[in-house]
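The structure appears below as structure tokens.
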Amino acid sequence: MLALGLVAVACGSNGHAPGERPAAGNESAEVASGRSWAGKDASPPFPEGLTWFNVERPLSLATLRGKVILLDFWTLGCINCQHVIPDLERLEAQFGDALAVIGVHSGKYATEHEDDAVGEAVARYGLHHAVVNDPDFVFWNRFGVNAWPTIVVIDPAGKLVGVHAGEGVYAVIQPVVASLLDEFGGRGQVDRSPLPLRDDAVRPATILSFPGAVLTDEAGGRLFIADSGHNRVLVAGLDGAIRRVVGSGAEGFADGTAEEAAFRQPQGLALSEDGRLLYVADTRNHAVRRIDLDSGVVVTVAGTGAQLDRLPVPGALARKTALTSPWGLYLAGDTLFVAMAGVHQLWAMDLHAGTVRVFAGTSREGVHDGDRLTQATLAQPSGLTGDGRYLYWVDPEASALRRVALAGQGEVETLVGTGLFDYGDEDGPAGRAKLQHAQGVAFANGALYVADTYNHKVRRVDPASFAVATVAGGERGRADGVAAAARFDEPGGIGAARGHLYVADTNNHAIRVVDLASGVVSTLALTNLSVAVGGGVGRPVRLSLPVQEVRAGVATIRVAVSAPPGYHLNSEAPARLALTTSDPAVLEPGETELAWSSDEQEVRFPLPANLAVGEAVLTAAGGVYYCRTGEEALCFVVRLDVSLPIRVTADASIGEIALAIPLPVQGVVAP
């Protein structure tokens, strides 16, 4: 099996070139010269008995005969694996059903082996290709893989073509796939029939979608939420009342007003000292954005929207310098520190001069201490915080908590963590305590609080002794309660204000609140929800109802919108439905706009209508909001698109139309 490209940065590996991505080599030239990329050795068969996602049934070499197959070996917490996703989407768009992409998830961490974790990642990353969970590394070993990410190519005859480890997938793989399809297509050996796909990558219908980070403003009584799955930032009070939404909700990279601006899965947040400017790590856009909190206007202050291919020189202009997956932010004076997860470094931006420089990390992935620029290695730095003297951060890929002095040359120190593959769930003194892929950290009340993501916990670290203690949580789930009775699901961000911790409980699509005095964990009930509606937020629900035959003349349309048992409508967010008809000459509703504000399980509306002989379709479209009864913080929004065919005759026995709209039961993580 040929090596199609060079290793760039592979999670958990060492020895790669600092800060550089692979060149495509001479593959394009070889393809252009007529080289055959057909394989010689038969591919090993796919293992059986594994859990598959996004497919109606498990795939096999036999069922994929006639297609080029790409096996993408990945692990869900690896930033370099996440960088490959856009390349895979681009290849799928170009080659259609002649190409079968299969994400083989061979998880690095124990939590990543769980089917639930993989399924949540499929939805969070919006993966629409087939994915198989390979927790015991059977797929991995069968194909001889040794790094994340790795692409294996199999030709339409089921033979191995080659392997590419690292990023830069499109430039290397595209000419190979094109050549294979041209060669095998010329022999009539390419299968372009649709794959048996289904879509498991459905974003939740909750008001929040995979929130990645929170920032508290104790003085101003504000809570800022990176609503990552909805590509926007929410400004709320510490009581949960939503005040403003910034971002259209659509994925994109656009400056402008709060309604016009577009983000792509934002993460870290930082607030200016005067409380007027909010900085946002726009992770998937490889940029840092700034929100004027008075006007809501968004501007880009660092990054070009493209992923970097080389490290910046000192004094590089921030707006003209490409970044790579900025994750955490921390503001100290006029310096904005950025956790550049994609290149395993911390950068510093001079806000006054508009320049950026590397602050710590050689760009090699590791957990080595020492001089911050020449010796220290970092491992996907994410959450950032500070105490005025030190800058603290978590390195998820080393399950580590690190620090470096804010001033002077300084050395990087590791407070918790020992190596790239050393992780666990253990409290205790420095050297013994362990975390598992922690992504968030906050300094408050003289202590460090860590969102210990894969352990589903909140931990406390003493900055003097570095001893670690569990504050709350311990198992995947969703449940309020005291300390260990509480349940989280991969908490990703954390902040503190007024004796409470605010936790972005990412996979539960919620903000959780920990009372530090009592240890009680509760779920923050977001209110004033009408502010958060729009921009495509909410799960689309399409209902095609069976045809109804009704009698011509003056009639009544009886509209009923009902929540399922155990749910109720939500008066915090007034709902609206717009009624339209395909043929007003056949069906003319007396009213076309319905609105209500109710906490009941159902609302009903009798509407007048004129009916004439013929056929028409009555459509109801709009947003509806409802909550789980007894769990008032767990609320949902759906975007309805309901169609009801109507056949009007002169002698039908029924003289009214029944438009019954049942809202769906929403998937909820069980306590």
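Along the sequence shown, residues carry numbers from 1.
Using cut-offs of 30° and 60° for the angle between ring planes, the Phe636 and Tyr567 rings count as tilted. Using a 30° and 60° split on the angle between ring planes, Phe139 and Phe143 fall in the parallel class, below 30°.
Under the rule for a side-chain contact (heavy atoms from CB on, under 4.5 Å), the partners of Glu475 that lie at least two apart in sequence or sit in another chain are Arg487. The salt bridge (charged side-chain N to carboxylate O under 4.0 Å, His left out) check on Arg264 picks up Glu251, with sequence neighbours excluded. Remark: His437 pairs with Glu397, Gln439 by the side chain to side chain donor-acceptor pair (under 3.5 Å) rule, at least two apart or across chains. A search for ring pair (Phe, Tyr, Trp, His ring centres under 6.0 Å) contacts involving Phe53 returns nothing, not counting sequence neighbours. Residues passing the side chain to side chain donor-acceptor pair (under 3.5 Å) test with Asn54, sequence neighbours excluded: none. Taking Glu183 as the reference, Ser36, Ala38, Arg187 meet the side-chain contact (heavy atoms from CB on, under 4.5 Å) condition, with sequence neighbours excluded. Shown here are the side chain to side chain donor-acceptor pair (under 3.5 Å) partners of Thr51, two or more places apart in sequence or in another chain: Asp115. Evaluation of the salt bridge (charged side-chain N to carboxylate O under 4.0 Å, His left out) rule for Asp200 yields Arg198 as partners, not counting sequence neighbours. When the side-chain contact (heavy atoms from CB on, under 4.5 Å) test is applied to Leu59, the partners found at least two apart in sequence or on another chain are Trp52, Val55, Thr63, Leu64, Ile102, Ala130, Pro196. Listed by chain and number, the residues in a side chain to side chain donor-acceptor pair (under 3.5 Å) with Asp134 are Ser106 (sequence neighbours excluded). Every residue was checked against the side-chain contact (heavy atoms from CB on, under 4.5 Å) condition with Asp182, not counting sequence neighbours, and none meets it.
Under 4.0 Å is where a charged nitrogen must lie from a carboxylate oxygen, and between Asp97 and Arg192 no such pair does.
The two residues Val84 and Glu167 make their nearest non-hydrogen contact at CG2-CA, 4.5 Å.
For the side chain to side chain contact (heavy atoms under 4.5 Å, CB included) with Gln265, the qualifying choice from Asn231, Thr283, Asp227 is Asn231, the only one to do so.
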